[in-house]
Every structure is written in structure tokens, then in C-alpha cells.
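Read the structure below first, then the notes.
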Amino acid sequence: MAPKYRDGDTVASFNGKWVSYTHTAMAYAAFVGALIVGMWLHYHKIVQNEIAGYPEEWFPSVSATIGDRYPERSVFMLFIALTSGPRFALVGLWYILTRRPNSTLPKFVAGIGIFRTLTCGGWTYVTSTDDHDWHDIFMISYLVATLPWTLGCFALSPRNPTAIKYRKLFAGSFFATLVPLIYFFIQHKVHRIPGAYTIYAFFEWSLVLLDVAFDAVTMIEFANFEIVVKDVRGVSRGAGNKAVSDAVLEKEKDKEIGTVFSGAFSWVGFFDAAADVYTGFVFWSMLTALGVCVWYFPLWHMGISGYEVMVMCTVSPFLLCVRPLRFLIVRHVRICHLLSLSGLLSFLAKSPENRLFSAGFGVWMACLSWAATFYGERSQPHRLEARISAFSLGLIASSIAKFAFYTNNPIWPIMHEANGGWNKTGLAVAVIAILRSTRSTASSGADIPAPGPTKGSSTLSAFGIAGLFFSMHSLLSDSSTMISWVWEGYPVRGPLAVPHGAVTLLAMGFGLLVGLFAPNLSRSWAFYGVGSIGAAVLTTSKHWTGYYGALVVAVYTMAVAPALISQAARHSPAKTFGLGFLVYNFMVLFHVWVVAYAFVPGGPLVREHTDWVMTTMMLLIGAGVFSVSAQPPALKSYKGKLTVTAAASRQRSYYLYVLGFLELLAIATAYLRFPSYDYTPYHPETKSITAGIWTIHFSLDNDMWSSEYRMRDLIKELEVDVIGLLESDLQRIIMGNRDTTQFLAEDLGMYVDFGPGPNKHTWGSALLSKFPIVNSTHHLLPSPVGELAPAIEATIDAYGILVDVFVFHSGQEEDPEDRRLQSEYLAERMKATPRPAILLSYLVIKPGKGNYNTYVGEKSGMKDIDPSDWDRWCEYILYKGLKRTGYARVSRHTITDTELQVGKFVVDQPENGNDLISEDQVAPGLRFPDLFKGEGVRGHKYHVFNEPRYYA
């Protein structure tokens, strides 16, 4: 044993608390020094922002203070550099203080501390002016690492009441401050309220002070250290102090949650869990892609095509009723999983039919593989739990991937390299993950029963699986789906897809934790009642109230998943999973029938009854809960404690690490995608509005590729300031639970109103605008026979002038009475507004005939953009109170089935006549781009007139 004290002369010694003192002093000097210098030299400049300046804004934000201005930036950088030494020493002393044998948590926390220090240097010395992307990467990494650093310090805190009290105070205040910080940031960015940024700045400075104060608490523990420098080699190392987490583990060592993070960490175990989760991610990616591929065919056939039968690919678990076949599939489940990757290979097929068949086979094999996996693992509950965790985390991973890729999954068959797909990368990782995660099952093919008696009805379990999978797919496969349910337009009175999609993902993760650590709660009728209330609130309410119901549904669905899948695995997989997927398929059709009632047999019977869909979903889940409640609880030891081995707990911990990583990824994505809201029109010098209307055919082009990128390019090149999109509601299973407007709005820099949500039973209408949307109202126009006609009535602020914009999709040609009633309704709305107005519409009329005279003329007060254009039937642009200067029709190529119509208007000028003028008489800022003249580009050109039209 090494001697406790080494011989040698002491060169210097000092108390450890001085490390904390120095770190705190240098850090505060950096921020406070920059603030003092900035307010002294550049006060009016650093309080100015894109919304307002002094006196509405009178206190600077942290970023404005420490930004690019000299000399405050130099003051900040100097003291941050001086902080780095004490910072590394603080992290090192904390590790020495808290390290313990056979525990990896101190090493992990120390690593996070070093990582935070390095990323702090990154965002300090790489400013947004130097490299905006890397500045954001360093900043986000630092903020994300703050959570594990804080929680890790709590877990390792020595049992010093004073230090623990202050840590709770500073950490609690830090996280509590995030709520008003985000609120006032949204007030500034979204609502553009002068003075909101000053209030935001106070909360931002509070975060800085609290962050430093949290680390300053170490001076209490470090006071017990004496740092000695001797002239001999070697350093004494103590075993550290007993931590709070040690005391908790000793007290609760027999409890399930108390043993999860005990024991040594294994990278092999972690990578096994990650591979398992990625296999689940691949399943959900293929399942969510199937509906989009099927939808392409009735979309282009304008009715049932026959290809809809491919939705039945999920019923493959029925094959498991054949015992020899079940033995082979369970024993060789790896081969089945590998065969399912045909779904990822389908992007190589050029024809839509072959791509659909390849994707369908992939789903067939994936459903078979996962049913066999659950059944094969049923004899060992901890292994079955691991598979269920991977399956559920795969859904969360899929939703996060869609969150990061603007509601498209990068490995879908409708994606390829040209539109942002990561198909090859996803396939390569999938092969590795499957080879890693499917090495064996607990039964190796044999019918080894689950421990204990099997009670409950297998049919009811199948119903529970159907309701569970439908809820997971229809509501949780995209983080913005339920947000679109409660969206009602401007001003914003509820959640936004960004950043609140991350909140939905956090709720899903929390629900899974409830299911794993509180199984008796998740299977209880009381909890089922809570979930049912949440579903009812989501269905019947809007704004924040409806979203609170959505979060309850997210938590409940993920929490009940382990109980329902475990119960189903006890019975015949053919009956529980085969029948379950069959009923799930009928639910998928049911929830499409409520909006597609005009095109399907029996459709009018379920017209506009999303409430029936939600009720049926919860009744199916309730049937599963009924079966679970008949099953006795898990086996217990003689003391009444749950029997959980150390290996099982350690295995569970790896899946929780993956969950933590995924949730941090969701938060980082929300930060990166947060809109800037500093949008400007293309030609403000002319005070013009370039407005367009386009029916985008659900963002699937003629060749079954996702068309957002191609739409983005055409809209940008035509310099469209305001555009109405029709057939834009994709938030259903059959359409992939997508939202094209998110990508277009963020990439083009536009405000967006998604329009009536999927629970309003329309095909969708959306508005994107370079100008702030002051107010918007959604309308469902009279449709007694045919499909519902959606409309948006919005007011935009164009150069200080309020202009009303209407976006409208009328009923079909087959329903003349619907179209007549709709024309009268909309004409009344347009006539009622005293402001200038533009109608961007799909009317299904001939110019000058029938309902045209209701939309145009005295009844509406609106004028046709070009009354001489006789070659129209669907799309029309009308206006009043503006000077119309130009009109163009641009061919669609293969993006959709409808052209893009565009008009140019000048605000604050009187209406003009219909006299045409040549282009050389038009100011450059009011001309259409030359790019689309002649043969145009990429199949887009001016057509019908073969050139734009301009008006005197």
C-alpha cells in the first residue's frame, strides 16, 4: 500500500475554496465587465434590435453585450480566458471529491464538465459573424450539456446540507427562469412586441448569473481541501466522500429504480441497446412510409385504384399460427429483419408501382419480425422489456428524425438524394444494427411460455394492440400532428410546431419511463381514465387547452405500451399481433374515410367524425387494459419486492441513456429550427406584393417523390411574397403525417398559417407570407353534399398597410349547390372587409359564367386579375383596393397537376384598368424574372400567354 503522506518539502499550499473563488470572480468579471463597458460606450446600439430601440428597449441582452463590438468583446474574451484555468481545476477537484470505486458516474460528469468548458470557448471565440453555424453548434452543445452537468452534480453532492440547499436554489431558479425566458422571446420574435426583448434580456442575464452561482457552491466542499505543491513526484489520491446518491442507493437498493444506474458502464451494452433502438426506428420508418406510397395511387386516379390493398401488408403475423413456420421465423428472426430492409431499398425503384411493392414487402417482413421477436422473448421478462423499449424508442427516434427533417423521414421511399434523403446511409446503419441486435432470442424458436400463469383474453389483447399502434402512428409519429389539431390561426394562442414539437417528444419519453418504472400505474383503470380525458380534451378543445390534452395522450400512449405488448406476447402471436394489425388497418381506413367520404363507399356514414375515431381508439386500448388487468402482477420475491437482477437493471439503463440522448437531440433540433422572424419582401423599394396560388397535390410529384425542394426553388425564383397552398393538409397516416409548410416557411423565410387542422376534415389550405400575419381566421364553408371547403381569412401588415388575403378551395364540379353556397359565403366575407384584399383561390368555374359573377363584381367588391384570360377553370386571383401591375402563369412540370399563378400588386395606390403595357415600361422591381421566358428552366416556363402580362 502506498504511504498516506509522502516525504518532501512543501513548496506552496492553498485552500481548495480559492479555486471556486477565482472561477466565480473571473466569470462574473467577464460578463459584468462587458456589460459596463458596452453600456458606457455603445448603449443605444446594444439595446437596439430588429423590432425596436431606445426607449422601448432599454436593457441589452447577453448576446448583444458580448457580441462583435470593441472593446466589450475583448473584455469578455480576456476574462473568459482567465476563467478557463480555474474552470478545469474546478472540474478536476470535483472529480477527486466525488469519485468512488465501481462507479462511472463521476467520470461521466467530469467528462461533461470538460466538454462544457471547451464548448464555452467555442462560442466565445467563434462569433456568429465569424461562422454562424459553428457558433450555434458550440452554443447548443454547451446548453444541452448543462442538464447532465447539473443533474450529475446533484447526484454526486456530498451530504452537506448547506451546499445541497444552495444547489437546489440555484438549479431550481435556473430551470424555472427558462419558462419566462422562452415566453418573452416568443413575444419578441413571433408577436414582435416592443419592449419584450428587454424583459427577455433580464431573464437571460439571470441564467448567466445562476449558472456561475451553481458552480460557485463548490467553495463549500472545496474548503475541506488543501492543495499542496511538493518537490517530489506523485500525488496522494483519496477515495472521495460518500455522496447523496450512495445514501439513496443504500436506502433503496431493493427498489427497481434504485439499481438501474448502479454497476459498471459497458460500451458494448450501450451499442447493443442503440442497435436495438435503430432497428425499431427502421420499423417505424417503413410503417409510416407505406401510407404515403399507397396514397399516391388514389390521388392520381381521383378515386379507389386497387393499390389500396397494400395497406394489408401489416397482417403478416397471421403466418405465425403455423407452428413449424413460427419455429423457423422465431429461430431465424435475423433473416426476417434483413429481408424487411427491402423497404429501405425501395428508393432505388424508379416506377411508383415497384417502389410501392418493395415498401409493402418490407412492412410485411418487419411486422412479422417484430411479432416473432416479442413472442420469442416472452420467457425472459427483462429481455422482452428491452425489445419493447427499443420498439417504443424507435417511434421516438422516427419522430425526432422527422422533426429534424421538416416532417419527412430521410429514409422513406419518397426521399432520395435530390430532395434531402439519407437512404444509403440509413440502409448501411440498418444492416449493422440488425446484425448486432438480432443475434438470438430467448427461446431460440421453442415455444417457451412466459413465467407465471397466462390470464386475460387474447382477442381483447389484439384489440389493445390495434388501438395502441393506431394511437402511436396517427398521433405520435410526427411531433407536430397534434399541434396542428389545436392550431386556430393568428394571433398565436397555442403551441407551434417549432419549438413545441420538442415538448411533445419529451412527453413521449416521460410516458415510456412511467410504463417502465410504474407498471402498476400504467395498467390501471384510473390511468386509463386520465388518458381518455386527455383524448377528449384534444378532440374537443383548441389552443393551449387542447395541447394539454395532447400531452396527456402522448404520456398515456407511451406508458401503456409496455403493458399491452407484454400481455399480447403471452398469447398466440398470430391472434394478438395478426388480428391486432388487421383491426389497426381498419382504423387507418376509418380515419381516412372521415375526410375522403366523397370518394369512398360508405363514406357519408362517417363523414366528419374524428370524434368517433378517437372514441374507438380509446375503447380498443381499454379492451387491452381489460385483458392486462386479468393478468397477475409480475413475480415478487419473498419480501414482496419486485425481482430485478443487476444485469436486467443495467440493461435497462442503456435504453434510458439512449432515451436521454434522443431527448437532448430533440431539444437541440428545436433550438436550431427556431424561426428568426426577421423576414423581408423581395422588392420593398416598390412597395409591391407578389402573390401566388398553387395546388400542390399533397407534396407528391408525378413520380412519387416528395416535392418540397422543387416547390421551394420555383417559389423562390419567382420571388413570391405571399402564396396560398391548396391540398396541403398531410397530417394523416395515409399522407405520412407531414407538413410541407414547415420546410417552405423556414427555408424561404416566411410566416405561415397551416390552415384548418386535420380534425377539421378538409384537404387543407395554407398561407405563407413574407409580411407579418396580424390576424387570421379559418372558415369551413357550406358543404351539405360534398367535401368540406376550407378558407383562410388573414390580415397581413404590408409596408404599414393592412391587407386582407383570402385562401380558398371550393367544392368539386359534381356538387353545384355546394359551390353556389360557398360563393355566396365567401363573397359576403370579401365584401365586408374595408381593407385592400387579395383572393388566392381554386374556384372550379368558367370566366364570366355562373358563380364567377358572385366572386367578381358588386356582390364581393372584387376584381379579376385579368378578365380577358378565358383559359381558366380552377385557379383564380382576385383583388380590390390595390394597383395590379402584373400577372403570369407558370407551368408545373412534374411537381403537381396544377400550374402556379402569380400576380403583382402595389399597396397604397388606387386600382387601375386592364390596359396592357410592354415590359420595358415597367420598373425593374415590378417585373417577373426572365428565368422562365422561352423554354424556361427545369420544365417551368411562362405559358398560356408565353410571357407575363403587365398593366398600366
Side-chain angles (χ1 to χ4, degrees), residues 15-24 26-27 80-124 138 140-160 163-164 166-168 170-171 174 211-228 234-249 260-267 269-270 650 653-654 656-658 660-661 664:
N15 192 274
K17 65 183 179 182
W18 286 104
V19 171
S20 297
Y21 285 156
T22 307
H23 172 266
T24 305
M26 293 297 103
I80 283 294
L82 295 175
T83 306
S84 62
R87 178 68 194 175
F88 282 116
L90 184 147
V91 173
L93 286 178
W94 182 253
Y95 171 70
I96 294 172
L97 178 70
T98 59
R99 64 191 177 127
R100 301 185 302 277
N102 300 320
S103 177
T104 58
L105 184 58
K107 295 185 179 69
F108 174 76
V109 173
I112 291 292
I114 294 172
F115 177 76
R116 287 181 80 235
T117 306
L118 296 175
T119 53
C120 176
W123 59 259
T124 297
F138 286 128
I140 293 167
S141 301
Y142 179 83
L143 294 174
V144 168
T146 298
L147 182 61
W149 169 258
T150 304
L151 298 179
C153 289
F154 264 124
L156 296 173
S157 291
R159 302 181 68 184
N160 185 309
I164 293 173
Y166 282 113
R167 281 203 176 90
K168 289 181 178 179
F170 293 137
F174 181 92
D211 187 19
V212 177
F214 180 83
D215 292 330
V217 177
T218 54
M219 66 181 63
I220 298 174
E221 289 106 345
F222 290 177
N224 300 316
F225 277 160
E226 188 74 17
I227 299 175
V228 178
V235 179
S236 297
R237 303 183 67 184
N241 296 329
K242 191 172 186 177
V244 171
S245 56
D246 292 326
V248 172
L249 287 175
V260 170
F261 295 102
S262 63
F265 178 85
S266 168
W267 283 106
F270 175 77
R650 189 162 57 251
S653 71
Y654 298 134
L656 299 185
Y657 289 137
V658 174
F661 172 77
L664 291 175

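No hydrogens, no waters, no symmetry mates; every other heavy atom, side chains included, goes into these values. Values in this document were obtained by computation on a predicted structure and should not be read as measured data.
No side-chain donor-acceptor contact under 3.5 Å links S20 to the backbone of G16.
Expressed to the nearest 0.5 Å, how far CD1 of I80 lies from CE of M26 amounts to 10.5 Å.
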Is there a side chain to side chain contact (heavy atoms under 4.5 Å, CB included) between R116 and R87? Walk through the geometry before answering. CA-CA 10 Å; R116 287 181 80 235; R87 178 68 194 175; 3.2 Å; yes
Kindly indicate, with the supporting measurements, whether the criterion side chain to side chain contact (heavy atoms under 4.5 Å, CB included) is fulfilled by F270 and V658. CA-CA 8 Å; F270 175 77; V658 174; 4.0 Å; yes
Derivation of the side chain to side chain contact (heavy atoms under 4.5 Å, CB included) call for T218 and L90: CA-CA 8 Å; T218 54; L90 184 147; 3.6 Å; yes
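Inter-residue side-chain proximity for I96 and F225 is flagged as met; some heavy-atom pair is nearer than 4.5 Å. Side-chain contact between I114 and Y95 is absent, with no heavy atoms from C-beta onward closer than 4.5 Å. Residues L118 and F88 have side chains in contact (heavy-atom distance under 4.5 Å, counting atoms from C-beta outward).
Among all heavy-atom pairs drawn from C153 and S157, the shortest one is O-OG, 2.6 Å. Here the shortest heavy-atom pairing between T83 and A27 reads OG1-N, 3.4 Å. Smallest separation of non-hydrogen atoms from L156 and P106: CD1-CA, 3.8 Å. F214 approaches A171 most closely through the heavy-atom pair CE1-CB, 3.9 Å. Residues P158 and E221 share a closest heavy-atom pair of CD-OE2, 3.8 Å. Taking every heavy atom of both residues into account, T24 and A216 meet most closely at OG1-CB, 3.3 Å.
Listed by chain and number, the residues in a side chain to side chain contact (heavy atoms under 4.5 Å, CB included) with L147 are L151, F175, L664 (sequence neighbours excluded). Residues meeting the side chain to side chain contact (heavy atoms under 4.5 Å, CB included) test with F115, sequence neighbours left out: T119, S141, A145.
Judged purely by distance below 3.5 Å, without hydrogens or angles, the side chains of W94 and D215 never pair a donor atom with an acceptor atom.
Relative orientation of the W18 and Y21 rings is perpendicular, given thresholds of 30° and 60° on the angle between their planes.
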